[in-house]
Every structure is written in C-alpha cells, then in structure tokens.
Amino acid sequence: MGKKIVIIGGVAGGATAAARLRRLDENAEITVLERTGYVSYANCGLPYYVGGVIEDKSELTLQSPASFKKRFDVDVRVLSEVTSIDRAGKTVSVKNLADGSEYTLEYDKLILSPGAKAMVPDTPGVHSNRILKLRTVEDALEMRRRVVEEKPERVVVVGGGFIGLEAAENLMEAGVPVTMLQRSEQVLPPLDWDMACELHAEMRAKGLDLRFKHAIESYEETENGVRVHVVGKESIDCSFVVLAVGVVPESELAAAAGLELGPKGSIMVDSHMRTSDPDIYAVGDAVPVVDPITGKLKLTALAGPANKQGRIAADNICGIPSEYNGTLGSTVIKVFGLTAACTGLNEKSAKAAGIKYERIVGYWGNHAGYYPGAQNMLVKVLFDTETGKILGAQIVGPAGVDKRIDVFATAIRAGMTGADLAELELSYAPPYGSAKDPVNMCGFMIENIMGGLVKQYHWDQVAGLPRDGSVTILDVRNPGEYERGHIDGAINIPLDGMRAHLDELDRSKPIYVNCFSGMRSYVACRILSGNGFDVYNLSGGWRFYDLTMRGKADNDHYPCGERK
C-alpha cells in the first residue's frame with residue numbers, strides 16, 4: 001500500500017487536495033473526514049438556494065462520498081468529526097456523529113482544511129434557534145425551509161459583508177422584506193466608502209431597509225419571532241435573524257495539537273502549505289496568506305485561493321515543490337442590478353501599509369456607446385506615485401465589471417504600470433467593448449498624471465477649497481446641467497466656446513475644474529494649462545462628487561432606514 005493521507009475537511013481546499021492527490025499517486029490511501037453531511041458543495045451558491053434562484057438542492061452538491069469513491073477511489077466519511085490530533089503517534093481521533101462511535105485513524109501525511117466558522121458575538125440571546133447563519137448546506141436548507149413554510153413578514157440581516165449582502169438580496173427576491181443592520185457606515189468593507197455609496201443607493205432603491213451605525217444590544221424571542229434590540233435606537237421585530245458579521249479561522253484542532261498559530265488564531269503555513277509540523281499541511285480559510293503587494297499576512301476567505309492551496313499541498317506531498325505566492329483578494333459580487341468587484345489594495349489597506357498612492361476615478365461604458373444598451377460602470381484605480389504600478393482597482397456597475405477586474409488583477413500580478421495598461425491590446429467589437437477600453441482609459445489617465453499633464457483634486461477635498469475668492473471653482477458643463485446642481489461657489493463657463501472667455505478668469509488664482517464625469521473638464525484643463533493657468537481636474541467629476549454627498553446625506557438623514 002502507498003502512504004496514508006488523511007484530510008480533515010472537504011469543500012474547496014480538502015476536496016481539491018483529495019482529487020489532486022489521486023491524480024498524482026494511484027497507490028495512496030486517501031481518507032477525507034467531513035463533520036457536516038456534505039463533502040464537496042457550492043458554498044458560494046447557498047444564498048441563491050435560499051432565494052429560490054437555484055431550485056434543486058442537489059445542484060449544490062459537487063461531489064458525494066459515492067462519486068468520490070467511484071471516480072477517485074477516495075474514502076470520504078461525512079458526519080465524521082475529528083476530536084484530536086496525536087502528532088507523536090500520527091493518528092487522529094474521530095467521532096461518528098451518526099451513531100456516536102469513536103475510533104482512531106493513522107496517517108503519514110495530514111491535511112487540515114477546517115475552513116472558517118461564522119463569527120458569533122457574545123450578545124445576549126444570540127443562541128436562539130431563530131438566529132441563523134449561512135455557512136453550510138444544512139444552514140441553507142433550514143433558511144429556505146423557513147422562507148417557504150413560515151413566509152416571514154420581515155428578516156433582519158446583521159452584517160453587510162458578502163454573505164450578508166447575498167442573503168439580503170436573495171431573501172428579497174423570495175418576497176421577504178429585509179432590514180440590514182451594519183455597525184459601520186458602509187457595506188462590503190473591501191470597497192472604499194465612496195465606491196460603496198453606489199451600492200447603498202441601489203439597495204435602498206430596491207426597497208432594502210439599510211441602517212448604519214447600528215450595534216446590537218441583545219436578541220429577545222417573541223411569540224412569532226425575534227425582537228432585535230439596538231444600542232441607542234429603536235428595536236426591530238422580525239421573523240428571524242441572519243447573523244453575518246464575519247468569519248474566524250476554525251483552528252481549535254491545530255491549537256490543541258500545538259501547531260504554530262498566526263493572525264486571529266489562523267494556522268501558520270509556509271509557501272508549500274506546510275505547518276510547523278512537516279507532516280501536517282493546512283489549506284483554505286483557516287490559513288493566513290501573504291499580500292503580494294505589501295508582503296504582510298492577512299486572512300482572506302475565498303474559494304479560489306483554497307482550491308489552489310489544496311492543489312499545492314497535494315503536489316508537495318507527492319514530491320512536486322509547488323509554492324503558493326499569496327492572495328490579492330480578487331472578488332466580485334452581484335448586488336441587485338449592480339456588480340461590485342475589487343482586487344489588490346483599497347485606500348484603507350494602502351494607508352495601513354504606509355504606501356504612497358494616488359487614485360483615479362472615472363465612468364466608462366461596458367461597450368461602445370453607439371451600440372444599444374451601453375451602461376456606465378464606476379472605476380477607481382490606485383497606483384504607486386513613484387513607479388506608476390497598479391496597486392488596486394474597484395469597479396461598480398450594471399455590466400462589464402467582471403471582465404475588467406480580471407484584467408486589473410492580472411496587471412497587478414504582473415507588476416504592470418499605468419503606461420502598460422495604456423498599451424494593452426484588448427478585444428473589441430461594439431457589443432462587447434470600446435476601441436479604447438476602460439482599462440486603457442485608466443492607463444491614459446495615470447500616464448497623464450505621472451507625466452504632469454494634469455493635476456487632480458478629489459471629492460473629499462472639495463469642502464476644503466477656500467470660498468474667499470483666492471481660488472476659482474469652474475464648472476464646464478452646459479448651463480442646464482449646472483442649474484440642476486453644482487459645487488457651492490462654482491462659476492459656469494461651458495467647455496465649448498471656453499477659449500472666448502479666458503479673459504474672464506484670473507491667471508493668478510488656481511482653478512479647480514469639474515464637469516459631469518471628468519472628461520470634458522480634462523479637455524478644459526488642457527486648454528487652460530496651455531494658456532498659462534494653474535488648473536486641477538475633479539476626479540470622477542460632479543457625478544462622483546454628488547454620489548458621495550448624497551451618500552453622506554442619506555446616512556445622516558435616514559439613520560434608522562426611514563424613507564420618505
């Protein structure tokens with residue numbers, strides 16, 4: 001017989017490792033131990049089953065114990081909980097959750113793929129059976145049952161991360177009114193606040209009751225559901241609560257076995273996915289990963305990295321010295337009619353790492369504007385001010401988002417600069433893109449800034465501009481656009497015909513220019529700069545500035561989610 005390999009946990013990392021091991025070693029004795037009743041399932045598809053988008057629960061199961069055995073000759077044991085690891089004896093103790101029996105299993109190599117568990121704050125009443133989580137197939141089945149059988153009058157979703165957003169959207173798609181409570185002032189923390197404003201507007205427009213600065217005090221069971229008590233604010237009655245405030249590494253087994261731990265109790269591994277014990281590997285959400293940009297450790301709960309890590313652990317066990325080179329954190333999510341995606345650093349993480357950066361913001365169509373159905377997406381890119389290297393990108397829009405974020409993710413991995421983006425040859429036909437793709441346009445903008453052709457100012461600097469006459473705030477939109485809303489103190493000189501009005505401007509004063517999206521104002525900046533003016537262009541234009549101002553007003557005006 002070949003070596004004995006035991007894998008604790010299935011889903012992405014463990015199941016991938018098992019299949020890869022078999023492809024590399026036909027003689028290995030491979031056993032997968034999974035605590036739940038499902039070994040390989042579409043974790044990311046669970047919310048869509050709750051909402052009824054995925055109708056057949058069997059679609060959630062990617063592999064069963066029987067199919068694993070038939071195709072890969074892997075012994076998969078579900079409802080099997082590992083209770084301890086004996087590193088000296090190289091055995092694991094297993095409890096059969098179906099009948100309560102216990103046994104030990106020997107290993108030559110052990111792979112830990114325990115994943116992460118839903119964070120459960122120590123809040124009074126949190127252990128009620130009406131406080132639900134959404135991490136396993138069993139969780140999804142129970143939530144769907146309540147939606148179908150109980151027909152909830154309202155559900156409260158606590159937390160606005162990926163799981164919270166997907167749960168909220170799918171519950172509403174199933175006809176359930178939803179209130180979302182978030183401690184901070186935004187949903188989807190990987191986005192910067194200004195980009196998240198686009199999602200806030202969309203969620204409220206679709207009828208979601210979105211409430212920020214809401215900290216939970218306690219949960220109280222009522223006759224027909226749960227009363228959620230919020231610190232300093234009104235209580236909320238609902239049928240049940242979806243608790244989605246984040247996840248933490250499930251590393252208790254590793255800790256009890258004396259393995260080295262990392263940030264937030266994660267299981268430390270090297271680039272080969274080996275733990276501090278050379279015969280034990282760990283993969284997936286329970287391990288920290290290196291950020292390729294900052295070089296620092298972080299936790300990222302994503303299926304893609306878990307799959308890669310499972311493959312790399314299997315390679316190394318079979319003598320192939322594969323290495324894992326870190327995680328950018330490339331993600332995408334559907335939020336009602338919008339798609340939001342990000343990769344690399346956002347402003348928060350760049351500042352925390354002490355990296356000097358500049359940002360560009362723009363609106364571009366998902367395909368040629370003259371082809372029917374073009375829709376604008378909001379794009380924000382961070383780049384290194386010294387080298388021009390791309391550090392991160394965030395995109396929100398109704399279409400074309402996923403295509404561009406993948407290009408940015410590739411560009412960051414390749415160490416590309418704004419100039420490189422400008423040179424990229426990307427596919428084009430009117431139904432799919434533009435001759436100058438949004439990615440190219442970002443490259444042009446970065447080139448212009450790096451080359452000194454244009455200077456910028458941003459939405460969060462507008463309020464600080466002096467209104468004492470020492471600077472000129474210039475709006476170059478058409479008069480009708482200007483009248484519908486403009487920056488306080490701005491004068492209006494439309495771009496077309498601007499050269500005839502240059503004498504109306506004071507060359508001794510800096511001029512802060514804006515248009516709707518930043519494109520016309522860039523042209524105005526070039527005209528003004530060529531005539532001796534000191535000019536600055538508003539990144540993202542009035543459109544982005546107005547979005548953030550409305551975002552601030554909404555958060556202040558509707559602190560409890562009320563809408564007029």
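Please read these numbers as outputs of a predicted model, since none were measured by experiment.
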Just wondering, do [Y] and [X] contact through their side chains at under 4.5 Å, heavy atoms?
{"X": "Leu391", "Y": "Ile293", "answer": "yes"}
{"X": "Cys342", "Y": "Thr331", "answer": "yes"}
{"X": "Val289", "Y": "Lys298", "answer": "yes"}
{"X": "Leu210", "Y": "Val187", "answer": "yes"}
{"X": "Asn492", "Y": "Asn478", "answer": "no"}
{"X": "Val332", "Y": "Asp406", "answer": "no"}
{"X": "Met498", "Y": "Leu474", "answer": "yes"}
{"X": "Val401", "Y": "Val396", "answer": "no"}

Above 12 or not: heavy atoms from other molecules or residues under 6.0 Å from [atom1] of [X]?
{"X": "Gln461", "atom1": "CD", "result": "yes"}
{"X": "Asp503", "atom1": "CG", "result": "no"}
{"X": "Glu504", "atom1": "CD", "result": "yes"}

_If you apply the rule side-chain contact (heavy atoms from CB on, under 4.5 Å), what do you find for Lys334 with Tyr48, and how did you get there?_
CA-CA 11 Å; Lys334 176 184 177 296; Tyr48 300 97; 4.3 Å; yes
*Given the rule in the side-chain contact (heavy atoms from CB on, under 4.5 Å) test, do Ser330 and Arg413 qualify, once you have shown the distances and angles that lead to the verdict?*
CA-CA 11 Å; Ser330 304; Arg413 274 289 187 178; over 6 Å; no
*May I have the step-by-step check of side-chain contact (heavy atoms from CB on, under 4.5 Å) for Asp194 and Leu547, ending in yes or no?*
CA-CA 8 Å; Asp194 49 15; Leu547 172 72; over 6 Å; no
Output yes when a side-chain donor or acceptor of [X] lies under 3.5 Å from a complementary backbone atom of [Y], and no otherwise.
{"X": "Glu166", "Y": "Pro47", "answer": "no"}
{"X": "Asp420", "Y": "Thr417", "answer": "yes"}
{"X": "Arg543", "Y": "Tyr363", "answer": "no"}
{"X": "His272", "Y": "Ser322", "answer": "yes"}
{"X": "Glu169", "Y": "Phe336", "answer": "yes"}
{"X": "Arg499", "Y": "Ile527", "answer": "no"}
{"X": "Asn346", "Y": "Gly392", "answer": "no"}
{"X": "His200", "Y": "Glu198", "answer": "no"}
{"X": "Lys348", "Y": "Pro189", "answer": "yes"}
{"X": "Gln394", "Y": "Lys380", "answer": "no"}

Over all heavy atoms of both residues, which pair between [X] and [Y] is shortest? Give the atoms and the distance, please.
{"X": "Gln186", "Y": "Leu191", "answer": "NE2-O, 2.9 Å"}
{"X": "Pro438", "Y": "Gly365", "answer": "CG-O, 3.7 Å"}
{"X": "Leu338", "Y": "Pro398", "answer": "CD2-N, 3.8 Å"}
{"X": "Phe408", "Y": "Ala393", "answer": "CG-CB, 3.6 Å"}
{"X": "Ala303", "Y": "Ala12", "answer": "O-CB, 4.1 Å"}
{"X": "Leu134", "Y": "Leu46", "answer": "CD1-CB, 4.1 Å"}

Any carboxylate oxygen within less than 4.0 angstrom of a Lys/Arg side-chain nitrogen, looking at [X] and [Y]?
{"X": "Lys133", "Y": "Asp139", "answer": "no"}
{"X": "Arg359", "Y": "Asp192", "answer": "no"}
{"X": "Arg520", "Y": "Glu481", "answer": "yes"}

Any side-chain donor near an acceptor of the partner, [X] and [Y], under 3.5 Å:
{"X": "Trp542", "Y": "Asp475", "result": "no"}
{"X": "Ser521", "Y": "Asn537", "result": "yes"}
{"X": "Ser184", "Y": "Gln182", "result": "yes"}
{"X": "Asn307", "Y": "Thr16", "result": "yes"}

State the [atom1]-[atom2] distance between [X] and [Y], to the nearest 0.5 angstrom.
{"X": "Phe533", "Y": "Ser508", "atom1": "CZ", "atom2": "OG", "value": "9.5 Å"}
{"X": "Ile491", "Y": "Ile473", "atom1": "CD1", "atom2": "CD1", "value": "9.5 Å"}
{"X": "Thr327", "Y": "Lys308", "atom1": "OG1", "atom2": "NZ", "value": "8.0 Å"}
{"X": "Asp534", "Y": "Arg507", "atom1": "CG", "atom2": "CZ", "value": "12.5 Å"}
{"X": "Asn366", "Y": "Met377", "atom1": "CG", "atom2": "CE", "value": "5.5 Å"}
{"X": "Asp488", "Y": "Arg467", "atom1": "CG", "atom2": "CZ", "value": "5.0 Å"}

*asked:* Working note: Arg135 + Asp285, criterion salt bridge (Lys or Arg N to Asp or Glu O under 4.0 Å); need CA distance, chi angles, decisive distance, verdict.
replied: CA-CA 12 Å; Arg135 288 292 294 172; Asp285 297 351; 3.7 Å; yes
*Could you check whether the rings of Tyr371 and His367 sit parallel, tilted or perpendicular, using 30° and 60° as the cut-offs?*
perpendicular
*Can we call the ring centroids of Tyr536 and Tyr457 under 6.0 Å apart?*
no
*asked:* Does Lys552 qualify as a cation-pi partner of Trp193, given the criterion of NZ or CZ under 6.0 Å from the six-membered ring centre and within 45 degrees of its axis?
replied: yes
*Quick one: do Tyr357 and Leu345 satisfy side-chain contact (heavy atoms from CB on, under 4.5 Å)? Show the steps, please.*
CA-CA 10 Å; Tyr357 69 92; Leu345 302 183; over 6 Å; no
